[in-house]
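A quick write-up on the structure given underneath.
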Amino acid sequence: MKKSLAEILQDSLKTLGIETIRQIEIKVPPKENMGDLATPLAMSLSEKLKKSPRKIAEEIVASIKDKSSFEKIDIAGPGFINFTFSKECLFSEIKRLLELKSSYLRENIGKGKRVQIEFISANPTGPLHLGHGRGGATGVALSNLLAAAGYEIEREYYINDAGKQVKLLGLSVFARYKQLIGIEYPFPEDCYKGLYIEDIANSILEEEGGKYKNADFHDVPDFFIEYSYQKILSGIRDDLRDFGITFDTWQSERELYESGEVGKAIEDLKIKGHVYEKEGALWFRATAFGDDKDRVIIKKDGEYTYFTSDIAYHRKKIERRYDGLIDIWGADHHGYIPRIKAVIEALGYPKERLKVLLVQMVTLLRGGKPVQMSKRAGEFVTLREVIDEVGPDITKFIFLTRRPDSHLEFDLEVAKAQSSENPVFYVQYANARINSIFTHAEENGIKTDKLYDANFELLSTNDELRIIKKILMYPMVFEGSVNSYEPHRITFYLQELSGIFHPYYNKHRIVSDDVELTMSRLALCEAIRILLREGLQILGISTPEKM
RNA sequence: GCGCCUGUAGCUCAGUUGGAUAGAGCAACUGCCUUCUAAGCAGUGGGUCAGGGGUUCGAAUCCCUUCAGGCGCGCCA
């Protein structure tokens with residue numbers, strides 16, 4: 001609808017001899033009686049043309065050749081042009097929607113471009129917490145959204161299974177293991193202290209017995225590290241499964257070292273002249289690409305830094321010939337962006353090739369009081385506990401009704417208290433309700449397989465026209481959501497759509513003795529259902545058949 | 001100290017990238033189940049868009065500044 005209106009306006013500008021504008025601004029007016037779509041075009045042209053906005057608006061309206069799509073075109077306020085679509089136009093669009101189903105809703109914006117989205121990528125040193133849940137919900141919704149928009153999407157989880165943190169994990173488990181057999185063992189200060197460490201130590205004890213009783217950690221680090229992080233990783237996979245998140249690929253950091261990717265990346269940067277030695281360490285000249293400090297990639301002691309493998313990781317990703325990379329990070333890593341962008345540029349790619357989306361922090365509250373979150377100290381509420389307590393759909397919905405860059409307060413008590421009143425059910429219920437209408441209709445012998453042939457003329461009440469218009473505005477929301485990488489716009493749209501369906505249901509009888517009217521109303525319900533399912537699918541939220 | 005994010009109804013948050021009289025859900029109050037699902041519907045109240053300047057036809061939105069909160073500024077990850 002928006003697109004065809006934009007074309008009409010471009011045409012009109014052409015006949016007026018005004019040079020065309022790249023993007024004509026088209027919006028939904030704030031009040032329904034103002035029309036369906038509006039443009040402030042005349043106002044923005046008034047300065048350039050030295051004419052009053054209303055005068056320009058009149059000229060534009062007069063120059064529109066084909067007005068058959070519109071019931072009326074008004075000039076209002078300071079110079080808005082308001083368009084109201086004709087019923088015939090609306091009905092034929094709805095008919096197309098019913099024929100094409102979700103493909104009507106999916107504008108091909110991506111045109112098959114390959115985009116990889118990396119998200120969550122939590123260290124396998126402890127269970128997922130709520131912050132990971134937010135990243136995960138966002139990642140899933142965004143990847144579904146982009147996939148619906150014609151991008152070819154791959155979802156990846158990066159596993160930090162090398163380096164200091166997993167070593168600390170191994171040591172932590174080792175210490176608990178010793179203590180379990182009754183051996184005094186000093187528990188290192190910066191080790192992980194969560195209960196899950198003890199669980200892992202216990203299962204080692206069950207499987208291996210006192211085999212490592214007399215060993216020192218230096219003798220058996222590999223076993224403890226490997227065993228522990230694998231155990232945690234499989235727990236993470238379980239949590240993700242139950243939260244409804246799947247990945248296409250899992251990239252191991254360790255594998256990057258073993259396959260020589262890290263070495264190759266360093267060589268590559270050396271050849272391109274972006275590294276130098278100083279004070280016994282090897283540095284990447286990040287300042288040459290806009291970062292405010294150069295960064296160490298090989299330490300004085302010969303060890304690599306976290307950043308080194310990240311260079312290799314992003315190098316590998318970008319050379320796999322993706323058209324674009326998206327990283328979703330917690331906002332606490334924002335200082336890391338210039339560094340990694342610098343790598344992209346140093347490797348010879350435009351830095352826009354990588355898009356880093358920041359997801360803001362989640363403050364977890366219980367009854368208004370903050371719950372301390374510290375992985376090291378072992379005080380935290382896991383994602384598992386939250387989805388068990390609150391439920392995956394509600395949890396996701398809470399994340400997806402907020403802009404990614406807004407700080408989020410997640411109060412467990414509030415989330416639970418709202419669990420029967422939660423807006424997510426409002427949307428799911430609309431779908432379930434329509435299902436039940438269809439069941440009822442079919443039980444009454446009404447055939448519902450050719451609703452696109454229904455007589456739409458019978459959908460003549462304002463309530464029905466309002467719904468039709470809302471439905472036809474979806475592509476605008478979709479487009480905005482895709483271009484801004486903001487899935488939450490879909491969430492709000494679904495709430496609004498449900499918010500006009502429920503009252504309609506309450507006021508008007510769908511299935512009645514009037515078969516023709518029944519058919520046309522069912523067609524409307526079907527259109528709503530297509531949208532609800534499409535939207536919920538994008539958000540990664542379930543669509544229960546019955547509720 | 002520097003950088004990033006945030007500040008909108010009692011609470012939690014939207015606000016379509018500068019447009020028209022700023023919205024929704026909770027919470028509060030009043031009604032509605034004999035008819036396709038009451039996880040629903042109808043109605044009522046609720047605002048100095050943190051404060052102050054500026055930019056222009058027009059600002060919650062852009063710029064400056066103050067205040068408040070969060071997060072970063074490692075040869076940690």
Parallel, tilted or perpendicular for [X] and [Y], by the 30°/60° rule?
X: A:Phe501; Y: A:Tyr505; result: tilted
X: A:His502; Y: A:Tyr429; result: parallel
X: A:Phe307; Y: A:Phe284; result: tilted
X: A:Tyr276; Y: A:Trp283; result: parallel

Name the nucleic acid region contacted by [X], choosing base, sugar-phosphate or nothing; use a 4.0 angstrom heavy-atom cut-off, strictly under.
X: A:Ser484; value: base
X: A:Pro29; value: base
X: A:Glu279; value: base
X: A:Ala432; value: base
X: A:Lys300; value: base
X: A:Asn82; value: base
X: A:Met476; value: nothing
X: A:Lys546; value: base
X: A:Leu408; value: sugar-phosphate
X: A:Phe307; value: nothing
X: A:Phe492; value: sugar-phosphate
X: A:Tyr336; value: base
X: A:His334; value: base
X: A:Ala430; value: nothing

Under-4.0 Å salt bridge between [X] and [Y]:
X: A:Glu526; Y: A:Arg529; answer: yes
X: A:Lys317; Y: A:Asp327; answer: yes
X: A:Lys316; Y: A:Glu255; answer: yes
X: A:Arg254; Y: A:Glu226; answer: yes

Nearest-neighbour nucleotide for the [X] side chain, [options] considered:
X: A:His407; options: B:G19, B:C36, B:U6; result: B:U6
X: A:Val296; options: B:C75, B:G19, B:G40; result: B:C75
X: A:Trp283; options: B:A14, B:G72, B:C75; result: B:C75
X: A:Pro40; options: B:C76, B:G19, B:C41; result: B:G19
X: A:Pro30; options: B:G40, B:C13, B:A20; result: B:A20
X: A:Tyr426; options: B:C75, B:C13, B:C41; result: B:C41
X: A:Arg403; options: B:C5, B:A39, B:U6; result: B:U6
X: A:Glu25; options: B:C76, B:U17, B:A39; result: B:U17
X: A:Phe425; options: B:C41, B:A39, B:U21; result: B:A39
X: A:His333; options: B:A77, B:A20, B:C13; result: B:A77

Give me the distance, rounded to whole Å, that separates [N] from [M] when you measure between the [atom1] atoms they each carry.
N: B:G72; M: B:U48; atom1: C1'; answer: 33 Å
N: B:C26; M: B:G43; atom1: P; answer: 15 Å
N: B:G45; M: B:C2; atom1: P; answer: 48 Å
N: B:U21; M: B:C36; atom1: P; answer: 44 Å
N: B:A39; M: B:G25; atom1: C1'; answer: 14 Å
N: B:G15; M: B:C5; atom1: P; answer: 16 Å
N: B:C13; M: B:A20; atom1: C1'; answer: 24 Å
N: B:G47; M: B:G23; atom1: C1'; answer: 11 Å

If I take atom [atom1] in residue [X] and atom [atom2] in nucleotide [N], what distance separates them, rounded to the nearest angstrom?
X: A:Tyr306; N: B:C75; atom1: OH; atom2: C1'; result: 16 Å
X: A:Lys31; N: B:U21; atom1: NZ; atom2: P; result: 9 Å
X: A:His502; N: B:A24; atom1: NE2; atom2: C1'; result: 14 Å
X: A:Ile311; N: B:C75; atom1: CD1; atom2: P; result: 13 Å
X: A:Ile232; N: B:A77; atom1: CD1; atom2: P; result: 18 Å
X: A:Asp291; N: B:C73; atom1: CG; atom2: P; result: 12 Å
X: A:Asp294; N: B:C75; atom1: CG; atom2: C1'; result: 13 Å
X: A:Asp513; N: B:C36; atom1: CG; atom2: P; result: 14 Å

With both distances under 3.5 Å as the test, what is the Watson-Crick or G-U wobble partner of [N]?
N: B:G40; value: B:C32
N: B:G7; value: B:C67
N: B:G46; value: none
N: B:G72; value: B:C2

Does the structure show A:Phe80 stacking with B:A20, if we require the centres to be closer than 5.5 Å and the planes to be within less than 30 degrees of parallel?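 It does: the two rings, one from A:Phe80 and one from B:A20, meet the stacking criterion.
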May I ask you to evaluate whether [X] reaches the phosphate of [N], defined as a side-chain N or O under 4.0 Å from OP1 or OP2?
X: A:Arg433; N: B:A38; value: yes
X: A:Lys293; N: B:G74; value: yes
X: A:Thr363; N: B:C71; value: no
X: A:Lys507; N: B:A42; value: no
X: A:Lys299; N: B:C76; value: yes

I want to verify the glycosidic state of B:U17; is it syn or anti under the 90° rule?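 Syn for B:U17; the angle stays within 90° of 0.
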Identify whether the glycosidic angle of B:C5 places it syn (within 90° of 0) or anti.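 In terms of base orientation relative to the sugar, B:C5 is anti.
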Find out whether A:Leu494 and A:Leu539 are in side-chain contact, i.e. whether some heavy atom of one side chain is under 4.5 Å from a heavy atom of the other.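 Result yes, sub-4.5 Å side-chain heavy-atom pair found.
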Find which nucleotide of RNA chain B each of A:Phe410 and A:His508 is nearest to by heavy atoms, and output the residue with the more 5' nucleotide.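 The residue closer to the strand's 5' end, by nearest nucleotide, is A:Phe410.
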Of the options A:Ile337, A:Asp332, A:Asp405, A:Ile328, which is the one that meets A:Leu358 in a side-chain contact (heavy atoms from CB on, under 4.5 Å)?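 Answer to the side-chain contact (heavy atoms from CB on, under 4.5 Å) test with A:Leu358 among A:Ile337, A:Asp332, A:Asp405, A:Ile328: A:Ile337.
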